[in-house]
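Only heavy atoms go into these numbers, but all of them, side chains included; no hydrogens, no water, no symmetry mates. Keep in mind it's a predicted model, so treat the numbers as computed, not measured.
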Amino acid sequence: MRLSYLATYPIKSCYRVEAGIAEVEPWGLAGDRRWIVVDETAKLITQRELPALGRVRPRYNDRGLVLEAEGAAPIEVPYPSAETTDIRHFHQWIAATSAGDVANHWVSQVIGRPARLFHLDDPTRRAVDAGYGTPDDRVSFADGFPLLLANESSLHAVNDWLVEDGDEPITMTRFRPNVVVSGAPAWAEDDWIGRRIVIGDVAFRVPKSCDRCVLTTIDPETGEKGKQPLRILAKHRRFPGGLMFGANLIPDVRGKIAVGDEVTVA
């Protein structure tokens, strides 16, 4: 097995940044989901309710973020240094730092509603679900775990089902993984739960499969929303915990991983 794909999402629920190499930190890949967009009540906004967030294309530079979107002039957003404010990430309140009025105005104009951009200056503030991690495990603004793994062969199986049902195949980017593995049989990741995998020299725990939400029905390139792949997952991959595709990862150590690295199961 090999690592075939790497991606981070600097701003939660916005466009991805693909890479050939990435730094693994205890709370996820470096820079992944360290920024968040909230509404006027400080509540998280995601593509689940606002697909227009996918128009925002962030990338890092030495000072912070550069934000780009079709039809808008790009802006630079330096790492903020203001006092923290509590913002709501699903059911949790987390201290984060405002990116400031210029960034807030730009994001609001692009997505078409009032919004504010915040930075998680200290990624040690948020713990992983105690039922699946240790007291020291931490996660950034990702839904619940530091990384998400997907399996190329499992996507091929999903696409075979879609074609059989008369639907179009989908791309892996629908599932927003951080790491993708090639060379494993379809659904091999189901057998990795509760074990460890090693990518290059970096070991990860595999605490649980990933239950999928309506975000997978949004085409990340166009913002168009449909009914797949949730409909086909409901037919073939329904489990007590939800509609499963992929697996969550928790790093055991810091290190670097790169596309082409060997992947082994401990």
Novice: State plainly whether one hydrophobic cluster holds both Phe204 and Val179, where clusters connect Ile, Leu, Val, Met, Phe, Trp and Tyr through side-chain heavy atoms under 4.5 angstrom apart.
Specialist: yes

Novice: Please determine whether a side-chain nitrogen of the Lys or Arg among Arg16 and Glu221 lies less than 4.0 Å from a carboxylate oxygen of the Asp or Glu.
Specialist: yes

Novice: Any chain of hydrophobic side-chain contacts (each under 4.5 Å) joining Tyr60 to Leu29?
Specialist: no

Novice: Supply the atom-to-atom distance Glu164 CD to Asn159 CG, rounded to the nearest 0.5 angstrom.
Specialist: 11.0 Å

Novice: Tell me, yes or no, whether the heavy-atom count around Tyr79 atom OH, taken from other residues, nucleotides or ligands under 6.0 Å, exceeds 12.
Specialist: yes

Novice: For the residue pair Thr217 / Gln228, report whether a side-chain donor-acceptor contact shorter than 3.5 Å exists.
Specialist: no

Novice: Say whether, by atom type as modelled, one donor and one acceptor occur between the side chain of Arg63 and the main chain of Pro78 under 3.5 angstrom.
Specialist: no

Novice: Tell me whether Arg34 contacts the main-chain N or O of Leu120 through its side chain, where contact means a donor paired with an acceptor under 3.5 Å.
Specialist: yes

Novice: Using a 4.5 Å cut-off on heavy atoms from C-beta on, say whether the side chain of Arg174 contacts that of Asp219.
Specialist: yes

Novice: Hey, what do you get for CE (Met1) to CD (Glu152), rounding to the nearest 0.5 Å?
Specialist: 12.5 Å

Novice: Do Arg176 and Tyr9 come close enough that some side-chain heavy atom pair is under 4.5 Å?
Specialist: yes

Novice: Just by distance, do the side chain of Asn178 and the backbone of Thr8 share a donor-acceptor pair under 3.5 Å?
Specialist: no

Novice: Other residues, nucleotides and ligands only: do more than 12 of their heavy atoms fall within 6.0 Å of CZ on Arg125?
Specialist: yes

Novice: Does the side chain of Thr134 come under 3.5 Å of the side chain of Asp136 through a donor N or O and an acceptor N or O?
Specialist: no

Novice: Taking Val24's backbone N and O only, do any of them form a donor-acceptor pair with Arg254's side chain (distance below 3.5 Å, no angle check)?
Specialist: no

Novice: Quick one: does Gln47's side chain have a donor or acceptor within less than 3.5 Å of a partner on Ser13's backbone?
Specialist: yes

Novice: Closest approach of Val107 and Ala115, non-hydrogen atoms and distance?
Specialist: CG1-CB, 4.1 Å

Novice: Mark yes or no for whether Arg55, through its side chain, and Glu70, through its backbone, hold a donor-acceptor pair below 3.5 Å.
Specialist: yes

Novice: Is the count of non-hydrogen atoms from other residues, nucleotides or ligands lying under 6.0 Å from Asp101 atom CG greater than 12?
Specialist: no

Novice: Please determine, by modelled atom types, if Ser154 and Glu189 share a side-chain donor-acceptor pair under 3.5 angstrom.
Specialist: yes

Novice: Determine, using the 4.5 Å side-chain heavy-atom cutoff (strictly less than), whether Ile21 and Val180 are members of one ILVMFWY cluster.
Specialist: no

Novice: Return the OG to CD distance between Ser98 and Glu83, rounded to the nearest 0.5 Å.
Specialist: 12.0 Å

Novice: Between Arg138 (side chain only) and Thr124 (backbone N and O only), is there a donor and an acceptor less than 3.5 Å apart?
Specialist: yes

Novice: Treating Asp39 as the side-chain partner and Lys43 as the backbone partner, does any N or O pair qualify as donor plus acceptor under 3.5 Å?
Specialist: yes

Novice: Tell me if the CZ atom of Arg195 is crowded by more than 12 foreign heavy atoms within 6.0 Å.
Specialist: yes

Novice: Testing the basics here: between Pro26 and Pro251, what is the closest heavy-atom pair and its distance to 0.1 Å?
Specialist: O-CD, 3.6 Å

Novice: With a distance cut-off below 6.0 Å to the six-membered ring centre and an angular limit of 45° from the axis, does Arg205 pair with Trp192 as a cation-pi contact?
Specialist: no

Novice: Go through the steps to decide whether Arg237 and Asp190 satisfy the test salt bridge (Lys or Arg N to Asp or Glu O under 4.0 Å), and finish with yes or no.
Specialist: CA-CA 11 Å; Arg237 293 286 296 171; Asp190 292 349; 2.8 Å; yes

Novice: Side-chain heavy atoms under 4.5 angstrom apart, residues restricted to Ile, Leu, Val, Met, Phe, Trp, Tyr: same cluster for Leu53 and Val17?
Specialist: no

Novice: Drop me the distance from Asp86's CG to Gln92's CD, to the nearest 0.5 angstrom.
Specialist: 11.5 Å

Novice: For the residue pair Leu249 and Phe145, what are the closest heavy atoms and their distance?
Specialist: O-CB, 4.1 Å

Novice: Report the C-alpha separation of Leu215 and Thr46 in whole Å, then their side-chain angles, then the decisive distance to 0.1 Å, and conclude whether the side chain to side chain contact (heavy atoms under 4.5 Å, CB included) test is met.
Specialist: CA-CA 9 Å; Leu215 189 55; Thr46 76; 5.8 Å; no

Novice: How far apart are the closest heavy atoms of Ile250 and Tyr132, and which atoms are they?
Specialist: CD1-O, 4.0 Å

Novice: Supply the atom-to-atom distance Thr216 OG1 to Arg48 CZ, rounded to the nearest 0.5 angstrom.
Specialist: 9.5 Å

Novice: What is the distance from atom CG of Leu117 to atom CD1 of Ile36, rounded to the nearest 0.5 Å?
Specialist: 9.5 Å

Novice: Using every non-hydrogen atom in the two residues, find where Thr173 and Pro220 come nearest and quote the distance to one decimal.
Specialist: OG1-CG, 3.5 Å

Novice: Can Arg212 be said to sit on top of Phe245's aromatic six-ring, NZ or CZ under 6.0 Å from centre and within 45° of the ring axis?
Specialist: no

Novice: Could you go through Phe90 and Asp143, starting from their C-alpha distance and side-chain angles, then the distance that decides it, and tell me whether this counts as side chain to side chain contact (heavy atoms under 4.5 Å, CB included)?
Specialist: CA-CA 9 Å; Phe90 296 116; Asp143 278 4; 3.5 Å; yes

Novice: Do the side chains of Lys256 and Asp201 get close enough for a salt bridge, i.e. N-O under 4.0 angstrom?
Specialist: no

Novice: Please determine which of Pro207, Pro146, Pro135 meets the side-chain contact (heavy atoms from CB on, under 4.5 Å) test together with Val128.
Specialist: Pro146

Novice: Could you state whether Ile87 and Trp35 fall into the same hydrophobic cluster, counting links through intermediate Ile, Leu, Val, Met, Phe, Trp or Tyr residues with side-chain heavy atoms under 4.5 angstrom apart?
Specialist: no

Novice: With side chain to side chain contact (heavy atoms under 4.5 Å, CB included) as the test, would you mind laying out the steps for Phe175 and Leu155 before giving the verdict?
Specialist: CA-CA 10 Å; Phe175 296 101; Leu155 176 68; 3.9 Å; yes

Novice: Is it the case that the side chain of Arg2 and the backbone of Gly260 share a donor-acceptor pair, with hydrogens and angles ignored and the cut-off at 3.5 Å?
Specialist: yes

Novice: Under the 3.5 angstrom rule, does the side chain of Asp165 hit a backbone N or O of Asp167 as a donor-acceptor pair?
Specialist: no

Novice: Under the criterion side chain to side chain contact (heavy atoms under 4.5 Å, CB included), I'd like the reasoning laid out for Leu67 against Arg59: C-alpha separation, chi angles, the key distance, then a yes or no.
Specialist: CA-CA 7 Å; Leu67 303 184; Arg59 57 181 172 84; over 6 Å; no

Novice: Side chains of Thr264 and Ile197: does their closest heavy-atom pair fall under 4.5 Å?
Specialist: no

Novice: Check whether any side-chain heavy atom of Arg113 lies under 4.5 Å from a side-chain heavy atom of Ser108, and answer yes or no.
Specialist: no

Novice: Please report the shortest heavy-atom distance between Ala96 and Phe141, naming the atom on each side.
Specialist: CB-CZ, 4.2 Å

